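Here the structure comes first, spelled out in C-alpha cells, and everything after it is commentary.
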Amino acid sequence: MPDTVTTVPAGWALGAAAILGLLAAFAAVLDGVFTARAAGAGPSGLTRPLGEMARLMRQRRRTTVAADTLLWRIGSSGLLFMALMIVTVVPLGEWTLFDLDVGVMWFNAMDVLAWAFVWLTGWGANSVHSLVGGYRFLAHGLAYELPLMFALVAPAVAASSLNVGTVAAAQVDLWFVVWMPVAFLVYCTGVVAIAVWGPFTPALGSDIAGGVTAELSGVDRLVFQGGRYALLVAGAAFAVPMFLGGGAGPLLPGWAWVLVKTVALLAVFVWLRRRLPAFRPDLFMEVGWLVLLPAVLVQDLLVAVVVVWRT
Amino acid sequence: MITHISFWALAVVAVLAGAAVFYVNSMARASYALAVSFIAVGVQVLLLQQNYVGVVTILMMVMEMAVMAVYMVMFMGMNPALMPMSMVHDKRHALAAAVGSFVLLAAGAVLIPWPARRGRPPAGVTVALGEELMGPKMLVMGVVGAVMAATIVAGVVLAAHRTRYDRFGDDLRRRPAKDPQPGGVGR
C-alpha cells in the first residue's frame with residue numbers, strides 16, 4: 001500500500017461513475033435474487049431489476065395537483081448526486097479523483113444532503129402520504145445523524161488526519177474495524193439510513209402507500225431507487241479506506257482489494273434488508289440518543305486515549 | 001483565471017438565491033433557496049483554500065435549512081405553510097433596510113484598501129485562522145461553549161411543564177415512567 005495517493009485527471013470521473021453504476025446494478029440484482037428466494041418457487045430474480053427498469057423507463061409520469069415540480073425533481077435525483085459526490089474522495093487503491101485534505105468532512109457534508117433530498121421528494125408531490133414519509137425520514141435522521149458524525153471522528157482521530165488516503169494508510173498495522181468496532185457498526189447504520197434501506201424503510205412504508213415514493217413514477221422513480229442503491233455502494237466504498245484498511249491485502253493489487261471489500265460490505269447491506277425489522281421512527285429516536293450516541297462517544301474517548309498514549 | 005470566474009459566478013448565485021428567499025411563495029422553497037445561497041458561499045470559501053471552513057459551512061447550513069424547513073412547516077400557525085404564502089411583511093421598510101445594509105457592507109468590502117500579501121500562507125490555514133480570530137481567548141471560548149450547552153439544557157428543563165414527579169410518581173418509584181410518548185429503550 002503506497003503512502004501517497006495520486007490524483008487522476010478529471011476525465012476518470014466517468015470511469016468512477018461507471019463503477020458506481022455497475023456496483024449499484026449488482027446490488028439491485030442481488031436484492032432481486034433475495035426477493036425471489038424469499039418468495040419461494042418462481043423465476044430466479046436475476047432479471048428482476050432489468051424488468052423493473054424497462055417498466056419505469058416507458059411509464060408515463062404521474063402528475064399531482066399543485067406539485068412543487070422543481071423541488072420534487074431535485075429531491076428525487078439528489079440521492080444519485082450524493083453518491084457520485086461521495087465516491088470522488090474514495091481512493092481506488094492508489095488513485096483518487098479528488099485528494100481533498102478534509103475528505104472525511106466532505107463525506108459528512110454529502111451525507112447530510114439526504115435530509116434535504118428525501119424530505120424534498122416527500123414534499124414536492126403535494127401528497128399527504130409522501131409528506132408523512134418525509135417526516136418519518138427526518139425523525140430517523142435526528143436519531144442517526146449525530147452518532148454517524150461521531151463515528152466518523154474515530155478513524156480521523158486515530159489517523160490524525162481528515163484526508164481519506166492518509167486514514168487508509170494509517171491502517172497498515174491494524175485495520176480500524178478491529179479496534180473501533182462500535183464506530184464501524186454505527187457508521188454502517190448511518191449508511192443504511194441515508195440510503196433509506198432495510199430497517200430505515202418506514203419512510204417508504206407500505207402502510208403509508210409507499211411514503212416518500214407514493215407519487216413517484218417513471219424515470220423519477222427509477223432515479224430515486226437507483227440513487228438508493230448507489231448510496232449503499234458509496235457508503236460501502238467509503239467504509240473501505242475508513243475502517244477496512246483501504247487497498248491493503250495479499251496478492252491482489254490495491255484497487256482490486258478496494259473493489260472486493262466494497263462488494264463484500266455491499267452484499268451484507270443488501271442481505272440485511274430481509275434480516276432486520278423496521279425501526280419505528282419514534283422508538284428509534286431514543287435508541288439513537290440513549291444507546292448509539294453514548295456508545296460511539298465512549299468509542300471516540302477510547303480511541304483518543306489510545307492515540308495520546310501511543311505518542 | 002477559472003478560479004476568479006467561478007468565484008464571481010458563485011457570488012452572483014449566492015446573492016440571487018438569497019434574494020429568491022423573499023420572492024418565492026412557499027416555505028420549502030424559501031428555506032432551500034437560502035440553503036443554495038449558503039452552499040454557494042461555502043464553495044467560495046473552498047476556492048479561498050479554507051477547505052475545512054468551506055466544507056463545514058456546507059454541512060451545517062444544509063442541515064440547518066433542513067431542520068428549519070421542518071419547523072416552519074410544522075409550526076406556522078394553522079398550517080398556512082402548506083399553502084402558497086408571501087415571505088415578506090412590512091415591505092417598504094424591510095426593502096430599504098435590506099438594500100441599505102447590503103450597499104453599506106458591499107461598499108465597505110469593495111472600497112477598503114486591502115493590504116497586499118506579505119509572506120506566504122502557512123501550512124495549516126485553518127489553525128492559523130483560528131489563532132487569528134481567537135488568539136489567547138481560545139480557552140475562554142472553549143469554556144463558553146460548554147456553558148452555553150449547559151444553559152440550553154437547563155433552559156429546556158426549566159421550561160418543560162412535566163417534572164420527574166409526573167414521570168415517576170410522587171415517590172419516584174414508578175417504572176416504567178409515564179410518558180406521553182412511549183420510548184424505545186426497555187419500555
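Every heavy atom of this structure was used, including side-chain atoms; hydrogens, water molecules and symmetry mates were not. Note that the structure is a prediction, hence the values are computed from the model and not measured. Within every chain, numbering begins at 1; the chains are lettered A, B, ... in the order of the sequence lines, protein sequences first and strands thereafter.
Heavy atoms of A/Leu162 lying under 4.5 Å from chain B belong exclusively to its side chain. With a 4.5 Å cut-off on non-hydrogen atoms, A/Ile74 does not touch chain B at all. If you measure heavy-atom distances from A/Leu138 to chain B, the contacts under 4.5 Å come from the side chain alone. Only the side chain of B/Tyr32 comes within less than 4.5 Å of a heavy atom in chain A; its backbone stays farther off.
For the residue pair B/Val62 and A/Val112, the shortest heavy atom distance occurs at CG1-O, 4.0 Å. The shortest non-hydrogen separation linking B/Ala66 to A/Ala116 is CB-N, 4.4 Å. Heavy-atom minimum distance, B/Val67 versus A/Trp115: CG2-CZ3, 3.7 Å.
B/Leu59 contributes atom CG, which lies 11.0 Å from atom CZ of A/Phe107 (distance to the nearest 0.5 angstrom). Rounding to the nearest 0.5 angstrom, the gap separating the CH2 atom in A/Trp123 from the CE atom in B/Met27 is 9.0 Å. To the nearest 0.5 Å, the span separating CG on A/Asp68 from CZ on B/Arg29 amounts to 4.0 Å.
A 4.5 Å side-chain heavy-atom check between A/Met105 and B/Asn51 finds every atom pair outside the cut-off. Side-chain contact between B/Met63 and A/Asn108 is absent, with no heavy atoms from C-beta onward closer than 4.5 Å.
Around atom CG of B/Asp170, no more than 12 heavy atoms belonging to other residues, nucleotides or ligands sit under 6.0 Å away. Enclosure of atom CG in B/Leu105 by more than 12 non-hydrogen atoms of other residues, nucleotides or ligands within 6.0 angstrom is indicated. Crowding of B/Met141 atom CE: a count of heavy atoms from other residues, nucleotides or ligands under 6.0 Å not exceeding 12. Residue-environment remark: CZ (B/Arg175) exceeds the threshold of 12 foreign heavy atoms within 6.0 Å. The local environment of CZ in B/Phe22 is sparse, with at most 12 non-hydrogen atoms from other residues, nucleotides or ligands closer than 6.0 Å.
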